[in-house]
Amino acid sequence: GESVGLHLPTLSVQEGDNSIINCAYSNSASDYFIWYKQESGKGPQFIIDIRSNMDKRQGQRVTVLLNKTVKHLSLQIAATQPGDSAVYFCAEKIAGNQFYFGTGTSLTVIP
Amino acid sequence: KAGVTQTPRYLIKTRGQQVTLSCSPISGHRSVSWYQQTPGQGLQFLFEYFSETQRNKGNFPGRFSGRQFSNSRSEMNVSTLELGDSALYLCASTPDSSSTDTQYFGPGTRLTVL
């Protein structure tokens with residue numbers, strides 16, 4: 001029979017454009033969040049993190065924004081490159097070192 | 001520092017068998033977490049070990065178990081394999097020195113159950 005899988009949101013951008021990937025989290029008490037990038041056949045790779053006492057954090061070409069009021073995270077990638085093509089996950093810390101992961105967004109960069 | 005390593009990278013088993021997967025955390029990291037990743041369910045937390053003790057557990061049946069050794073290396077075991085256990089099993093390590101430690105993942109073990 002037909003298997004039912006997660007419907008992965010997709011985003012296609014032109015090379016050089018900026019990308020914005022969004023994520024809604026569930027627990028208003030979560031105090032730590034991480035964005036991961038996962039390429040095909042590999043484990044998730046850490047991109048950037050943010051603590052709940054911050055609204056914004058910048059890294060190299062990436063910025064994470066946190067809106068605690070609406071429980072929303074976004075990842076902005078500047079000047080997107082073909083190597084940025086991957087699935088991006090947000091993760092919120094639940095307890096100990098247990099993280100709850102979003103469904104992921106598949107980013108495709110068009111050369 | 002070497003990253004998180006997992007062995008084996010690929011495994012094929014048949015229903016009813018059992019399997020043991022191994023994870024070596026980043027040197028100095030004391031916490032090891034395991035996740036199952038499938039197209040149908042995404043990334044799901046299995047359990048976390050710290051100081052050889054299971055500290056957190058996800059919603060998986062008792063067929064899934066794990067342990068951690070004194071050197072922080074961890075193994076997970078799945079008994080009586082089912083077709084639905086086919087997945088990428090990911091291990092992640094954390095220093096556990098603060099409440100906002102980053103979690104780093106290994107490459108995963110791809111398990112196929114026939």
Side-chain angles (χ1 to χ4, degrees), chain A residues 1-10 23-27 29-54 57 59 62 64 66 68 73 75 86-106, chain B residues 3-6 9-10 23 25-26 29-51 53-60 68 72 74 83-84 86-110:
Chain A
E2 183 181 0
S3 64
V4 178
L6 289 173
H7 174 67
L8 211 60
T10 59
C23 175
Y25 64 92
S26 58
N27 189 343
S30 295
D31 64 356
Y32 182 55
F33 305 86
I34 302 176
W35 277 101
Y36 287 96
K37 170 187 179 184
Q38 188 175 26
E39 297 173 284
S40 181
K42 297 183 179 180
Q45 176 189 356
F46 170 86
I47 301 174
I48 191 167
D49 59 358
I50 189 167
R51 301 179 184 183
S52 60
N53 61 354
M54 304 170 71
R57 188 155 190 239
V62 293
V64 55
L66 174 61
K68 294 181 285 293
L73 274 168
L75 176 70
V87 177
Y88 290 81
F89 294 95
C90 66
E92 63 175 305
K93 190 165 187 174
I94 302 296
N97 289 309
Q98 178 180 354
F99 284 79
Y100 176 79
F101 282 77
T103 54
T105 295
S106 177
Chain B
V4 178
T5 58
Q6 292 187 246
R9 291 295 312 279
Y10 303 91
C23 171
I26 293 171
H29 286 198
R30 303 188 298 167
S31 165
V32 174
S33 298
W34 289 89
Y35 292 82
Q36 181 196 64
Q37 186 176 30
T38 62
Q41 300 295 324
L43 261 157
Q44 292 190 295
F45 174 79
L46 280 155
F47 29 64
E48 180 210 357
Y49 285 87
F50 174 77
S51 290
T53 301
Q54 187 180 87
R55 185 158 68 175
N56 289 295
K57 187 177 188 303
N59 295 323
F60 278 81
Q68 187 181 33
S72 294
S74 177
L83 294 179
S86 294
L88 180 67
Y89 290 88
L90 292 159
C91 164
S93 78
T94 311
D96 206 71
S97 57
S98 83
S99 64
T100 54
D101 278 339
T102 301
Q103 190 171 82
Y104 296 94
F105 282 86
T109 293
R110 172 72 63 184

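Keep in mind the model is a prediction, meaning the values are calculated, not measured. Any value given below was found using the heavy atoms of this structure, including those in side chains, with hydrogens, waters and symmetry copies removed. Throughout, protein chains are lettered first and strands after them, A, B, ... in sequence-line order, and every chain is numbered starting at 1.
- By the salt bridge (Lys or Arg N to Asp or Glu O under 4.0 Å) test, A:R51 pairs with no residue at all, sequence neighbours left out.
- Only the side chain of B:E48 comes within less than 4.5 Å of a heavy atom of chain A; its backbone N, CA, C and O stay farther away.
- Comparing B:L88, B:V32, B:N56 by how many heavy-atom pairs each has under 4.5 Å with chain A, the most go to B:N56.
- Proximity to chain A is limited to the side chain of B:R9, based on heavy atoms less than 4.5 angstrom apart.
- Of the two parts of B:Y35, only the side chain, counted from C-beta on, holds a non-hydrogen atom closer than 4.5 Å to a non-hydrogen atom of chain A.
- When each of B:Q44, B:R110, B:Q37 is scored by its heavy-atom pairs under 4.5 Å with chain A, the top score falls to B:Q37.
- For chain A, the nearby part of B:S33 is the side chain; its heavy atoms alone come within less than 4.5 Å.
- Contacts of A:Y36 with chain B are made by side-chain atoms alone, with heavy-atom separations under 4.5 Å and no backbone atom involved.
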Passes side-chain contact (heavy atoms from CB on, under 4.5 Å), A:Y32 versus B:Q103? Steps please.
CA-CA 11 Å; A:Y32 182 55; B:Q103 190 171 82; over 6 Å; no

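- Other residues, nucleotides and ligands contribute at most 12 non-hydrogen atoms within 6.0 Å of the CG atom of B:N59.
- Scored by the side-chain hydrogen bond (donor to acceptor under 3.5 Å, both in side chains) test, A:Y88 finds no partners at all (sequence neighbours excluded).
- The heavy-atom pair separating B:S93 from B:H29 by the smallest distance is OG-ND1, 2.7 Å.
- Proximity to chain B (any heavy atom under 4.5 Å) is restricted, for A:F89, to the side chain, taken from C-beta onward.
- When A:Q38, A:K42, A:Q45 are compared by the number of non-hydrogen pairs under 4.5 Å with chain B, A:Q38 comes out ahead.
- Distance alone, capped at 3.5 Å, places no donor-acceptor pair between the A:E92 side chain and the A:G102 backbone.
- In this structure, B:F105 and A:P44 approach most closely via the heavy-atom pair CB-O, 3.3 Å.
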